[in-house]
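Throughout, numbering of the chain's residues begins at 1 and tracks the sequence. Scope of the values below: all heavy atoms of this structure, side chains included, with no hydrogens, waters or symmetry mates.
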Amino acid sequence: MTVDKLQGVMQDSAPLALSIDGVTKRYDSGFTLEDVTFDLPAGYIMGLIGPNGAGKSTLIKLILNMIRRDAGSISVLGMDNIRSEEATKEQLGIVFDTHYFIEAWTVRKAGQAMAPMYPTWNQQAFDSYLRRFGLDERKKVKELSRGMQMKLMLAVALSHDAKLLILDEPTSGLDVLGRDELMDILHEYIEDGAHSVLFSTHITDDLEHAADFITYITGGRLYYSGPKDEFEDSFRLVKGGPEQFELLQGRALGTHHYATGFDALVSVSAAENLRDGNAHLAIEPVSIDDIIRLTNIKENSR
Ligand SMILES: Nc1ncnc2c1ncn2[C@@H]1O[C@H](COP(=O)(O)OP(=O)(O)OP(=O)(O)O)[C@@H](O)[C@H]1O
C-alpha cells in the first residue's frame, strides 16, 4: 500500500482497531511511559519498535489491562479496554515472547483449556492450524521448541476469531523460514480488512516484509507513529570527515563519530539545505536500523 493511501486511511474516520490516547505509566523504578498517543486503523499491520527498555512491553501490558495506567485512555475496536474488559479480551489474540501454558499440558490439552474462555472458539480452525504448523497434538508444551510454543499461542489466537492480534516479539524464537511463514499468516489474517495486527519486534527485516505502519518508542516517549515508508523517507544519513561535522550546525538528530569521520541522522529538509549549500557531504537514504541506532546513541554531539 502506498504512503498516500496510508495517510488517507489515517485522516479518514476509518474504523480503528486500536486507539491509544495520552497514555502514561510510571514505575517505581523511575521509568515512565509518557503521554503516548497513536491509532491503528482496522485492516492493517503495525510494527512497534524501540530499543531494549523503551517501553514496548509496558504498552502491550497496558492494552491488555495487565497493569494499571496512570493517565490516558485505550480503546480496542471502539471499546474502552477497562470498562469493557471482558468484551475487549474476547476480540484480542495474544502471542507473548514466552508461552502462558502449563508445561505438562499436551498440545491437545492446551486447546481444550483455552476453548471455554472464548465463546467464538472454532475447534476446526484450531485443528487445521496445528496441522499447518506441524504441531503434534500429543506433544507436551515443555517438549516444544520456543518457535513451536509461539506457533501454539498463534494457533490459539487465530482460532477464536480475534479481531486484533497483539504479538510481543513473536519472531525472536523463529528461524528465517518460520519468520517468513508468520509474516505470510499475518498478511492472510488482515486480508479481509476486518482484522488488524500490532507486533513488537527487534528484527527490522520483519517490518520491511509485513508492516504498513510503524510506531517507534524510545526512552518511554513516542518518536514516530505513521506509515512505514514515510518514516524512512523523513530522514537522511549524512557522512563526512571529522573537519566537516561543523557544517551540520546543530542539525544532527543523532551522530556517531568515528576516527575517520561521522554518520549523522538529519531531517529531509536539513539534508536539502546541506545539499543546496554545496557542503560536499555524502547524503544517503536511511534504514529503520539507522534511525534507531542514531536516535539512541549516547554520544550525540561533539
Ligand atoms: N514491573 C516493573 N517495575 C518496575 N520497572 C519496570 C517493570 N517492568 C518494566 N520496568 C522497566 O520499564 C522499562 C521499560 O520496560 P519494557 O519491558 O516495557 O521495555 P521493552 O521496550 O519491552 O524492552 P525489551 O525490548 O528489552 O523487551 C525498563 O526500564 C524496565 O526495567
Side-chain angles (χ1 to χ4, degrees), residues 15-29 31-42 44-50 52-102 110 113-121 149-173 182 186 189-190 194-202 211 213 215 217 220 222 225:
L16 296 178
L18 180 66
S19 182
I20 309 279
D21 189 9
V23 166
T24 295
K25 169 73 190 173
R26 291 180 203 94
Y27 285 126
D28 295 342
S29 61
F31 175 86
T32 302
L33 184 74
E34 183 84 43
D35 194 16
V36 171
T37 297
F38 67 90
D39 291 335
L40 167 59
Y44 294 93
I45 300 178
M46 176 179 276
L48 177 62
I49 56 169
N52 289 126
K56 303 179 297 294
S57 298
T58 299
L59 182 62
I60 288 177
K61 285 181 193 154
L62 288 165
I63 297 168
L64 303 176
N65 199 24
M66 291 166 64
I67 52 174
R68 195 183 55 81
R69 64 187 176 234
D70 293 303
S73 63
I74 297 177
S75 80
V76 175
L77 301 146
M79 297 178 285
D80 183 274
N81 78 326
I82 296 181
R83 277 200 302 275
S84 308
E85 183 169 7
E86 207 169 311
T88 305
K89 286 202 169 148
E90 281 171 15
Q91 300 291 340
L92 287 174
I94 317 296
V95 176
F96 289 115
D97 57 351
T98 44
H99 75 83
Y100 50 78
F101 306 108
I102 290 175
M114 293 298 124
M117 294 187 195
Y118 301 105
T120 49
W121 181 261
Q149 289 168 347
M150 191 286 293
K151 286 181 173 175
L152 181 55
M153 282 187 280
L154 189 62
V156 170
L158 295 171
S159 299
H160 63 88
D161 195 29
K163 294 290 185 301
L164 172 62
L165 204 55
I166 297 187
L167 308 100
D168 197 1
E169 296 284 346
T171 52
S172 58
L182 174 64
L186 298 186
Y189 173 75
I190 61 150
H195 296 83
S196 320
V197 177
L198 176 74
F199 75 102
S200 73
T201 187
H202 280 113
F213 294 100
T215 290
I217 296 177
L222 183 74
S225 186

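- By the 4.5 Å heavy-atom criterion applied to side chains, M66 and I94 are not counted as neighbours.
- The distance from the NZ atom of K25 to the CZ atom of R68 is 5.5 Å, given to the nearest 0.5 Å.
- Side-chain contact between L40 and L164: present, with at least one pair of heavy atoms (C-beta onward) separated by less than 4.5 Å.
- Side chain of D70 to backbone of R26: a donor-acceptor contact under 3.5 angstrom is found.
- Between the CD1 atom in I67 and the OG1 atom in T58 there is a gap of 5.0 Å [rounded to 0.5 Å].
- Going from atom CG of L222 over to atom CG of L33 covers 9.0 Å, rounded to the nearest 0.5 Å.
- For the atom pair OH (Y100) and CE (M153), the distance works out to 6.5 Å, reported to the nearest 0.5 Å.
- Contact of the H202 side chain with the E169 side chain is registered, since non-hydrogen atoms from C-beta on lie closer than 4.5 Å.
- A 4.5 Å side-chain heavy-atom check between T88 and N65 finds every atom pair outside the cut-off.
- In this structure, the side chain of D39 does not engage the main chain of P41 through any donor-acceptor pair within 3.5 Å.
- The shortest non-hydrogen separation linking S196 to A42 is OG-CA, 3.3 Å.
- Counting only distance, with no hydrogens or angles, the side chain of S159 and the backbone of W121 share no donor-acceptor pair below 3.5 Å.
- Side-chain contact check for F101 versus Q149: every heavy-atom pair is 4.5 Å or farther apart.
- Of all non-hydrogen atoms in D80 and R69, the two that sit nearest each other are OD2-NH2, 4.0 Å.
- Residues G220 and F31 share a closest heavy-atom pair of CA-CZ, 3.7 Å.
- Side chain of T215 to main chain of L48: no donor-acceptor pair is present (N/O by atom type, distance under 3.5 Å, no hydrogens or angles).
- Nearest approach of E34 to T32, heavy atoms of both residues: OE1-CG2, 3.4 Å.
- D21 places no side-chain N or O within donor-acceptor distance of the main-chain N or O of S73, the cut-off being under 3.5 Å.
- Here the closest non-hydrogen pair linking L198 and I63 is CD2-CD1, 3.8 Å.
- In this structure, L154 and Y189 have side chains that are not in contact, with every pair of non-hydrogen atoms separated by 4.5 Å or more.
- By the 4.5 Å heavy-atom criterion applied to side chains, L186 and I190 are not counted as neighbours.
- Side-chain contact check for D168 and S200: at least one donor-acceptor pair (N or O, by modelled atom type) lies under 3.5 Å.
- Atom CG of residue D97 and atom CE of residue M150 lie 11.0 Å apart, to the nearest 0.5 angstrom.
- The CG atom of L18 sits 8.0 Å away from atom CG of L59, with the distance rounded to the nearest 0.5 Å.
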Chi angles and distances behind the side chain to side chain contact (heavy atoms under 4.5 Å, CB included) call for L62, I20 = CA-CA 10 Å; L62 288 165; I20 309 279; over 6 Å; no

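- In this structure a side-chain-to-backbone donor-acceptor pair under 3.5 Å is missing from K56 to I49.
- By the 4.5 Å heavy-atom criterion applied to side chains, M79 and Q91 are counted as neighbours.
- Scanning all heavy atoms of the two residues, the minimum distance from M46 to S225 falls at CE-OG, 3.9 Å.
- Every side-chain hydrogen bond (donor to acceptor under 3.5 Å, both in side chains) that K163 has, sequence neighbours left out, goes to D161.
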